[in-house]
Amino acid sequence: MGLAEIRELIKPVIKEVDLSYLSGKIVALDAFNALYQFLAAIRQPDGTPLKDSKGRITSHLSGLFYRNKNLIENGIKLIYVFDGRHPEFKKKEQELREEQRKKMEEKYEIAKEAGEKNLKKYAEFTSKLDYNMIDEAKELLKAMGVPYIQAPSEGEAEAAYLVKKNIADFVGSQDYDSLLFGGTRVVRNITISGKRKIRGVEVNISPEIIELKDVLNYLNLNQEKLIILALVVGTDYNPDGIKGIGIKKAYEIVKKYDDPEKIFNYINWDKYYDISWKELEKFFLDPPVVDINKEDIKFGEIDEEKIRKILIDNHDFSEERVNKSIEELKKSYKQGSQKNLLSFFQNG
DNA sequence: CGGAGGTA
DNA sequence: TACCTCCGG
């Protein structure tokens with residue numbers, strides 16, 4: 001079900017690295033992807049997210065602040081990319097997600113009534129990102145000196161564009177979608193702790209790098225064929241894929257026919273979807289993006305008063321802890337600029 | 001998720 | 001140093 005299945009197929013070209021591999025690199029992070037992760041994960045065992053004294057959720061701010069600080073300390077430069085308006089044909093997927101979220105909300109309530117202790121596993125799928133959270137995340141990023149870009153459409157597409165244009169080195173996301181948008185390098189699992197819960201059990205996880213050219217070489221496909229492969233198993237724009245066809249079968253089909261028309265005839269695309277496959281293919285090959293100049297992206301312009309205002313004054317974060325992190329962040333920026341200066345003299 | 005503080 | 005558990009807001 002969906003593009004996540006592709007992992008099985010491309011396992012041999014997934015490179016596990018440690019965080020230091022990314023030192024000095026620029027990572028374009030899918031902001032919604034990250035914020036949802038924080039909302040899902042930063043919860044108490046009973047499922048409650050972190051909240052300030054007014055009852056407003058703060059998990060996403062905590063996650064952003066401490067993870068950014070750490071990644072920056074590791075010499076990684078971050079650009080966050082926020083989703084813009086989703087294409088009309090994403091509606092189905094969005095409705096599906098909302099439906100699943102509501103279903104999990106019910107399950108959560110039922111488990112709560114039944115007196116179950118570990119409610120986190122239900123609660124994490126009830127996360128909802130609202131406009132206020134998005135605005136405050138942007139504000140915090142700005143205050144931290146972490147640049148962000150507002151994409152006109154899909155964030156994954158914009159992030160892929162940044163990597164294609166050599167403004168960033170990697171797309172940072174848990175999803176594989178940016179490969180379809182032509183993102184040349186993707187990093188998944190970009191975290192500090194190296195631990196994540198998978199189906200309830202905690203396992204060690206390190207960042208993994210996927211290069212688009214390795215994927216295409218290994219599968220012996222071109223970009224168009226990769227997109228077609230994705231359309232057969234299901235993307236955000238046709239979430240169900242084609243009934244009865246998984247990634248293995250899809251790969252066989254895509255390899256067997258040279259002519260895309262034949263593939264889509266064979267799988268009876270028109271029987272399942274109103275939208276033409278050509279329109280979706282075009283969206284992946286040439287998505288709406290906003291043009292960015294490398295010089296316009298500034299790293300490390302920190303506003304520590306603003307950070308304190310957002311986290312301590314507005315949201316009751318611990319003054320001591322925030323101040324400590326601000327000092328560490330400033331130190332990282334200073335070291336970073338010294339490094340840059342040094343390499344400037346060495347290279348210049 | 002990541003930090004802090006504890007234990008072996 | 002590795003690992004565990006609880007807390008943060």
Side-chain angles (χ1 to χ4, degrees), chain A residues 18-20 22-23 27 29-76 78 80 104 108 116-130 132-141 143-144 146 148 172-175 187-208 306-332:
Chain A
D18 51 40
L19 217 52
S20 62
L22 294 168
S23 184
V27 180
L29 285 161
D30 180 340
F32 277 29
N33 192 278
L35 293 174
Y36 268 113
Q37 272 181 52
F38 296 138
L39 288 176
I42 306 179
R43 288 171 186 271
Q44 290 173 316
D46 73 353
T48 338
L50 299 187
K51 290 176 184 174
D52 64 20
S53 57
K54 288 180 180 157
R56 297 171 299 193
I57 293 175
T58 54
S59 296
H60 57 303
L61 298 177
S62 176
L64 258 194
F65 182 61
Y66 293 112
R67 184 185 283 176
N68 285 346
K69 190 215 89 174
N70 269 288
L71 294 176
I72 291 162
E73 260 175 339
N74 279 272
I76 304 169
L78 307 171
Y80 278 82
M104 203 45 96
Y108 170 76
E116 219 176 294
K117 284 271 158 60
N118 186 6
L119 296 167
K120 201 178 160 183
K121 57 185 172 183
Y122 307 104
E124 62 182 311
F125 297 106
T126 67
S127 309
K128 204 170 180 176
L129 194 57
D130 64 34
N132 216 357
M133 291 169 167
I134 295 164
D135 286 346
E136 255 188 330
K138 287 176 178 173
E139 240 187 296
L140 180 61
L141 289 173
M144 291 185 80
V146 175
Y148 69 83
S173 174
Q174 291 306 100
D175 298 336
V187 56
R188 302 180 72 245
N189 303 333
I190 181 161
T191 65
I192 308 306
S193 71
K195 277 186 178 160
R196 182 155 306 158
K197 268 191 183 157
I198 306 223
R199 287 184 292 274
V201 264
E202 205 160 70
V203 287
N204 278 316
I205 282 200
S206 43
E208 53 185 47
K306 187 82 177 288
I307 296 177
R308 275 192 275 270
K309 195 185 146 210
I310 297 169
L311 296 181
I312 303 168
D313 301 346
N314 290 353
H315 292 298
D316 309 309
F317 279 57
S318 145
E319 187 172 355
E320 196 189 340
R321 223 172 132 185
V322 169
N323 281 334
K324 190 182 160 212
S325 290
I326 288 175
E327 289 313 311
E328 288 167 349
L329 188 61
K330 277 159 65 184
K331 205 174 141 195
S332 307

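Protein chains get the first letters and strands the later ones, always in sequence-line order, with residue 1 at the start of each.
When all heavy atoms of Ile42(A) and Ser59(A) are compared, the pair lying nearest together is O-OG, 2.8 Å.
The cationic group of Arg321(A) does not satisfy the cation-pi geometry with Phe65(A), failing either the under 6.0 Å distance to the six-membered ring centre or the 45° limit from the ring axis.
Atom CZ of Phe65(A) is separated from atom P of dC1(B) by 19 Å (rounded to the nearest Å). With rounding to whole Å, Tyr66(A) atom OH is found 12 Å from dG2(B) atom P. Rounded to whole Å, the distance from CD1 on Ile192(A) to C1' on dG3(B) is 12 Å. Across the protein-nucleic acid pair, Asn74(A) atom CG and dG2(B) atom P stand 11 Å apart, rounded to whole Å. In this structure, Phe317(A) atom CZ and dG2(B) atom C1' are separated by 12 Å, rounded to whole Å. Per the geometry, CZ belonging to Arg43(A) stands 18 Å off P belonging to dC7(C), to the nearest Å. In this structure, NZ of Lys120(A) is placed 13 Å from C1' of dT5(C), rounded to the nearest angstrom. The CD atom of Gln44(A) sits 16 Å away from the P atom of dC1(B) (whole-angstrom rounding).
With a 6.0 Å radius and a threshold of 12 heavy atoms from other residues, nucleotides or ligands, Glu116(A) has its CD atom above the threshold.
A donor-acceptor contact shorter than 3.5 Å is absent between the side chain of Asn33(A) and the backbone of Leu29(A). Without hydrogens or angle criteria, Asn118(A) side chain to Lys120(A) main chain gives a donor-acceptor distance under 3.5 Å. At distances below 3.5 Å, at least one donor-acceptor pair connects side-chain atoms of Arg56(A) with backbone N or O atoms of Asn314(A). A donor-acceptor contact shorter than 3.5 Å is absent between the side chain of Ser23(A) and the backbone of Ser20(A).
Applying the 4.0 Å criterion to OP1 and OP2 of dC1(B), one finds that Arg67(A) has every side-chain N and O outside that range.
Among the heavy atoms of the strands lying under 4.0 Å from Pro49(A) is at least one base atom, whether or not backbone atoms are also near.
Considering only side-chain atoms of Asn70(A), the nucleotide from dG9(C), dG2(B), dC1(B) that sits closest is dG2(B). Between dG9(C), dC1(B), dG3(B), one nucleotide has an atom nearer to the side chain of Asp52(A) than all others, and that is dG9(C).
The stretch residues 318-329 of chain A touches DNA chain C through Ser318(A), Arg321(A), each having a heavy atom under 4.0 angstrom from the strand.
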